[in-house]
Amino acid sequence: MPAAQRHPTMADVAERAGVSASTVSRTLRGLATVSPEVRARVEQAARELNFAVSRQAASLVTGKTGVVAVLVPTLNSWFIGSAVSALGPELRTAGMDVLVYVTPEMTERADFFERLPARRNADALLVFCFDLTAEEKARLDDLEMPVVYVSQHAEGCPSVYVDDVAGACRGTQHLLNLGHRRIAFVQSVGASGFAFSSNERVAGYQQALTRAGVPLDDDLVVATPVDDKRSIAEAIGELLSLWEPPTAIFAEHDELASWVIWTLRKARVEVPERISVLGFDDHPIAEWSDLSTVAQSPEDIGRAAGELARSLIDDPDADPGRHIVLPTRLIPRASTVPLRNGGAEGAEGGAG
């Protein structure tokens, strides 16, 4: 059958490019042993013949699927959505595909860890923001592929995350530099499946206070579900009813900070005139509401996770405990201002 009437083969590409079939295979698999000039000829010939290497055929030759799997508790999250969106192009430039496993319900989660479908369908697994049990962690340790933990530090395992301690310390120092000494911290709790950075951010908050010589006060640290308005109001009520209420509140993340501001204003406590509010993340809501925040970049985290996965796939002997720690940066906006004289009394009076 003439070449024009059948599917083109690797031999057809090799003949048109004037190289061997093995050179075509190395080129289309992205190996670095092919010169740029030869690579250009082979890619041009492949385009002219509409030739593409099937995943199945390539897997038989290389032992690799050309796929990176992603495990997430949900895609209905600004952070995870942004990180995964940035991960895709990073992998596609290397000729790799992304396979996403979403396990929002406990039944789906249990099924994933029972079957471990990524074992057969991918070359690496990226675990995003997952609060794993010891049994689940052990199951992933048994996978015969690299497992990269994203937005969390997994001891002895490849991880990509920001330095939450340093970020929270920087944010607290911002409030200290504005003259605040009664600084509260509001944590979020109760989101099933998510690994939070609460403990690290509280540690950074406390570190900055201690370094500034400000005594730690357990009454200034409160926790609340982020999706429960009543619980948030009760947490803020605890702070406003203290003998010395805070003049600034550091919320664990921007979405929680926005609810803190809403609750304070509903109680006729002016923000930032009486209480300054600081968030963490730089969620789009922070810019819309002019919220001061400690910014991290989920896009940078996604790209770094993709790069790390690629390096571990290409070099199985690479350091299995490698960590990539990305920086945070403070973005001051209108929700934090210098402390005014009598700020604590003003906050208490406004709550009445």
Side-chain angles (χ1 to χ4, degrees), residues 68-91 98 100-105 108-109 126-131 148-153 159-164 167-168 170-171 185-201 204 223-229 231-232 249-263 277-306 324-336:
V68 170
V70 174
L71 175 63
V72 296
T74 180
L75 284 174
N76 188 26
S77 157
W78 160 77
F79 181 89
I80 293 177
S82 299
V84 172
S85 294
L87 168 69
E90 173 65 32
L91 294 176
V98 179
V100 180
Y101 294 97
V102 187
T103 59
E105 304 295 336
E108 295 165 322
R109 177 169 171 165
L126 306 184
V127 181
F128 273 76
C129 309
F130 240 91
D131 184 16
V148 178
Y149 292 86
V150 186
S151 194
Q152 55 191 311
H153 177 191
S159 309
V160 179
Y161 54 96
V162 299
D163 189 335
D164 285 293
R170 179 178 294 110
F185 193 96
V186 181
Q187 297 176 268
S188 60
V189 295
S192 176
F194 275 92
F196 284 110
S197 302
S198 291
N199 293 337
E200 289 81 3
R201 293 179 187 178
T224 177
V226 71
D227 56 354
D228 186 337
K229 293 181 184 179
S231 294
I232 295 172
I249 296 176
F250 190 171
E252 181 192 334
H253 53 78
D254 292 340
E255 291 174 272
L256 181 55
S258 69
W259 280 113
V260 167
I261 292 174
W262 183 86
T263 302
V277 177
L278 177 72
F280 199 118
D281 279 342
D282 202 27
H283 186 290
I285 199 172
E287 185 170 6
W288 299 337
S289 61
D290 223 0
L291 172 70
S292 297
T293 190
V294 178
Q296 63 174 327
S297 171
E299 293 84 4
D300 287 348
I301 290 174
R303 284 188 286 267
I324 298 177
V325 185
L326 299 177
T328 58
R329 61 195 186 281
L330 178 78
I331 300 181
R333 296 190 177 105
S335 67
T336 53

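It should be emphasised that the depicted structure is a prediction, and the values quoted were computed from it without experimental measurement.
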Sub-4.5 Å side-chain heavy-atom contact between [X] and [Y]:
X    : Y    : result
I80  : P73  : yes
Q296 : I301 : yes
F130 : T103 : yes
E252 : F185 : yes
H283 : L291 : no

**Q.** Donor-acceptor under 3.5 Å (S335 side chain, V277 main chain)
**A.** yes
(Q) Using modelled atom types and a 3.5 Å cut-off, is there a donor and acceptor pairing between side-chain atoms of T224 and backbone atoms of S188? (A)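 Not a single qualifying donor-acceptor pair exists.
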(Q) Among residues at least two apart in sequence or on other chains, which ones pass salt bridge (charged side-chain N to carboxylate O under 4.0 Å, His left out) with E90? (A) R310
With rounding to the nearest 0.5 angstrom, report the [atom1] to [atom2] distance, [X] to [Y].
X    : Y    : atom1 : atom2 : result
L278 : R170 : CG    : CZ    : 11.5 Å
W259 : D228 : CH2   : CG    : 10.0 Å
I249 : L256 : CD1   : CG    : 9.5 Å

Q: Just grab all the salt bridge (charged side-chain N to carboxylate O under 4.0 Å, His left out) pairs involving residues 288-302, residues at least two apart or on different chains.
A: D300-R303
Q. What pairs meet the salt bridge (charged side-chain N to carboxylate O under 4.0 Å, His left out) rule with one or both residues in residues 277-288, with sequence neighbours excluded?
A.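 Residue pairs passing salt bridge (charged side-chain N to carboxylate O under 4.0 Å, His left out), neighbours aside: R201-D281, D282-R333.
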Q.
Quick check: closest heavy atoms across P298 and W78, and the distance to 0.1 Å?
A. CG-CZ2, 3.7 Å
Q: With sequence neighbours excluded, tell me which residues meet ring-ring contact (aromatic ring centres under 6.0 Å, His included) with Y101.
A: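 Partners of Y101 under the ring-ring contact (aromatic ring centres under 6.0 Å, His included) test: F112.
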Q | All ring-ring contact (aromatic ring centres under 6.0 Å, His included) counterparts of Y149, not counting sequence neighbours | A |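 Checked Y149 against ring-ring contact (aromatic ring centres under 6.0 Å, His included); zero matches.
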Q: Have a look at V150 and tell me which of V127, L126, L71, I324 forms a side chain to side chain contact (heavy atoms under 4.5 Å, CB included) with it.
A: L126
Q) Taking only residues two or more places apart in sequence or in another chain, which ones pass side-chain hydrogen bond (donor to acceptor under 3.5 Å, both in side chains) with T336? A) H174, S292
